[in-house]
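Computed from a prediction, not measured in an experiment: that's the story for all the values here. We use all heavy atoms of the structure for the numbers below, so side chains are in, but hydrogens, waters and symmetry mates are not.
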Amino acid sequence: MLRQRVITAAWLAPLTLAGLFGLEDIAFALFTAFVVLLAGWEWTRLAGLTSLRCRGLAIAGLGVALLLLGLVGATHAVWPLYLGAAGWLLNLYWVTGYPARLAQWRSTGVRLAMGAWVLLPTWVGFNVLRESGAVWLLFVLLLVWGADIGAYFVGRALGRRKLAPSVSPGKSWEGVAGGVLVSSLLAVAFAIWQGLGAAGGLGLLAVTIIVTLASVLGDLLESMLKRHQGLKDSSQLLPGHGGVLDRIDSLTAAVPLFALLHLGVS
């Protein structure tokens with residue numbers, strides 16, 4: 001398994017970085033749309049669709065929605081980000097109430113709608129951040145990766161109090177604290193690098209903490225859906241790594257929220 005993970009990472013990481021930082025404008029929008037469609041295909045499985053025909057129709061609908069957002073010029077608009085933020089508040093309500101509130105979202109239709117308010121704002125968020133400067137897209141990626149690493153090691157060493165045992169038994173409050181610490185140090189480093197000053201640095205730090213917590217929610221949401229479906233991974237598309245959603249679940253919450261807050265403070 002380790003060998004397969006390394007092989008997959010060896011081609012996946014350069015391809016991803018080239019797409020995110022080597023492409024611009026329409027090419028970047030198409031690249032990220034492709035990633036979102038792959039994640040959407042996996043989401044149809046989490047939503048309970050089984051037949052290829054039904055899953056294909058759902059993905060066609062997602063593709064049409066992406067196309068419409070592009071045609072109306074909403075790829076860099078703020079309103080899809082607000083809709084995404086509202087959706088994540090509802091996701092938070094369901095994750096913290098699992099399994100007691102399961103009946104509210106267990107239907108396939110609700111889970112498909114959930115996928116729409118998760119994935120469409122993610123696409124817009126990527127485009128907003130890329131337009132505002134690649135440095136901020138880099139920052140939110142490092143934020144999520146750093147928080148994951150900090151949460152893993154601190155959780156392994158000090159984790160005692162379970163964060164959401166019914167959703168993801170391995171996560172702890174101590175791990176969350178470790179992730180927030182790492183991302184906060186990253187925010188301080190970026191504030192100094194970008195010359196934001198004291199006020200700008202404090203603003204970035206506050207946004208970073210909020211977005212880090214949101215990234216944890218993104219991970220928990222996918223874990224909840226997989227647990228409900230009895231799945232270990234969203235797919236086997238990436239050998240040794242699971243599916244696309246398994247790699248971007250934290251980003252689906254972090255990217256649109258950071259883009260929204262970044263627009264608000266910039």
Is the distance from the ring center of Trp193 to that of Phe190 below 6.0 Å?
yes
Test log, rule side chain to side chain contact (heavy atoms under 4.5 Å, CB included), inputs Leu186 and Thr208:
CA-CA 9 Å; Leu186 177 67; Thr208 296; over 6 Å; no
Does a side-chain heavy-atom distance below 4.5 Å link Asp246 with Glu222?
yes
How far does OG1 of Thr32 sit from CH2 of Trp123, to the nearest 0.5 angstrom?
6.5 Å
Between Met224 and Trp94, which heavy-atom pair has the shortest distance, and what is it?
SD-O, 3.8 Å
Kindly indicate whether the side chain of Leu202, heavy atoms from C-beta on, has any atom under 4.5 Å from the side chain of Leu196.
no
Leu138 side, atom CG; Leu129 side, atom CG - distance, nearest 0.5 Å
11.0 Å
Mind checking whether Leu20 and Phe28 have side chains closer than 4.5 Å, heavy atoms only?
yes
In terms of heavy-atom contacts, does CG of Leu52 have more than 12 from other residues, nucleotides or ligands at under 6.0 Å?
no
Would you say Val110 ends up clustered with Leu92 if hydrophobic residues are merged whenever their side chains have heavy atoms under 4.5 Å apart, either directly or through other cluster members?
yes
Tell me whether Thr122 contacts the main-chain N or O of Thr252 through its side chain, where contact means a donor paired with an acceptor under 3.5 Å.
yes
Would the distance check show the side chain of Lys226 and the main-chain N or O of Asp233 forming a donor-acceptor pair, the cut-off being under 3.5 Å?
no
Between Arg55 (side chain only) and Trp41 (backbone N and O only), is there a donor and an acceptor less than 3.5 Å apart?
yes
According to a hydrophobic-cluster definition based on side-chain heavy atoms being under 4.5 Å apart (Ile, Leu, Val, Met, Phe, Trp, Tyr only), do Val255 and Leu142 belong together?
yes
Would you say the side chain of Trp117 lies within less than 4.5 Å of the side chain of Leu90, judging by non-hydrogen atoms?
yes
Hey, quick one: are Val244 and Leu17 part of the same hydrophobic cluster, counting side-chain heavy atoms closer than 4.5 Å, chains of contacts allowed?
yes
Which atom pair, heavy atoms only, marks the closest approach of Asp219 to Lys171?
OD1-NZ, 3.3 Å
Under 3.5 Å, side chain of Thr108 to main-chain N/O of Gly48, donor-acceptor pair present?
no
Could you check whether Arg111 makes a cation-pi contact with Trp43, meaning its NZ or CZ is under 6.0 Å from the centre of the six-membered ring and within 45° of the ring axis?
no
Euclidean distance, Ser51 OG relative to Leu57 CG, rounded to 0.5 Å
8.0 Å
I'd like to check Val118 versus Trp88 (side-chain heavy atoms, cut-off strictly below 4.5 Å). Are they in contact?
yes
Derivation and outcome, side chain to side chain contact (heavy atoms under 4.5 Å, CB included), residues His262 and Val128:
CA-CA 9 Å; His262 177 66; Val128 167; 5.8 Å; no
When rounded to the nearest 0.5 Å, the distance separating CD1 of Ile210 from OG of Ser215 is 12.5 Å
Within the 4.5 Å heavy-atom criterion, are Arg130 and Phe31 side-chain neighbours or not?
no
Can you see which heavy atom on Glu42 is nearest to which on Leu237, and at what distance?
OE2-CB, 4.0 Å
Single hit among Asp148, Leu163, Leu221 for side chain to side chain contact (heavy atoms under 4.5 Å, CB included) with Val216:
Leu163
Any heavy-atom pair between the side chains of Leu89 and Tyr93 that's under 4.5 Å?
no
Verdict with reasoning, Leu49 to Leu112, per side chain to side chain contact (heavy atoms under 4.5 Å, CB included):
CA-CA 9 Å; Leu49 294 179; Leu112 287 175; 4.1 Å; yes
Whether over 12 other heavy atoms sit under 6.0 Å from Arg161 CZ:
no
Kindly say whether Val154 contributes a backbone atom to a donor-acceptor pair with the side chain of Glu174 at under 3.5 angstrom?
no
Test of understanding: clusters of I, L, V, M, F, W, Y form through side-chain heavy atoms closer than 4.5 Å, transitively. Do Val135 and Trp145 belong to the same one?
yes
Atom of Leu251, atom of Val140 and distance for their closest heavy-atom approach:
CD2-O, 4.4 Å
Closest approach of His76 and Asn127, non-hydrogen atoms and distance?
CD2-O, 3.2 Å
Nearest 0.5 angstrom please: His228 NE2 to Arg106 CZ, how far?
5.0 Å
Count I, L, V, M, F, W, Y as connected when their side-chain heavy atoms are under 4.5 Å apart, and connections chain through other members. Are Phe21 and Phe126 then in the same cluster?
yes
Considering non-hydrogen atoms only, spot the tightest contact between Ala77 and Val124 and give its length.
O-CG1, 3.5 Å
Gap separating the CG atom of Leu81 from the CG atom of Leu120, nearest 0.5 angstrom
11.5 Å
Leu46 vs Leu245, test: side chain to side chain contact (heavy atoms under 4.5 Å, CB included). Steps then yes/no.
CA-CA 10 Å; Leu46 298 183; Leu245 270 175; 3.9 Å; yes
Ile149 side chain near Phe153 side chain, heavy-atom distance below 4.5 Å:
yes
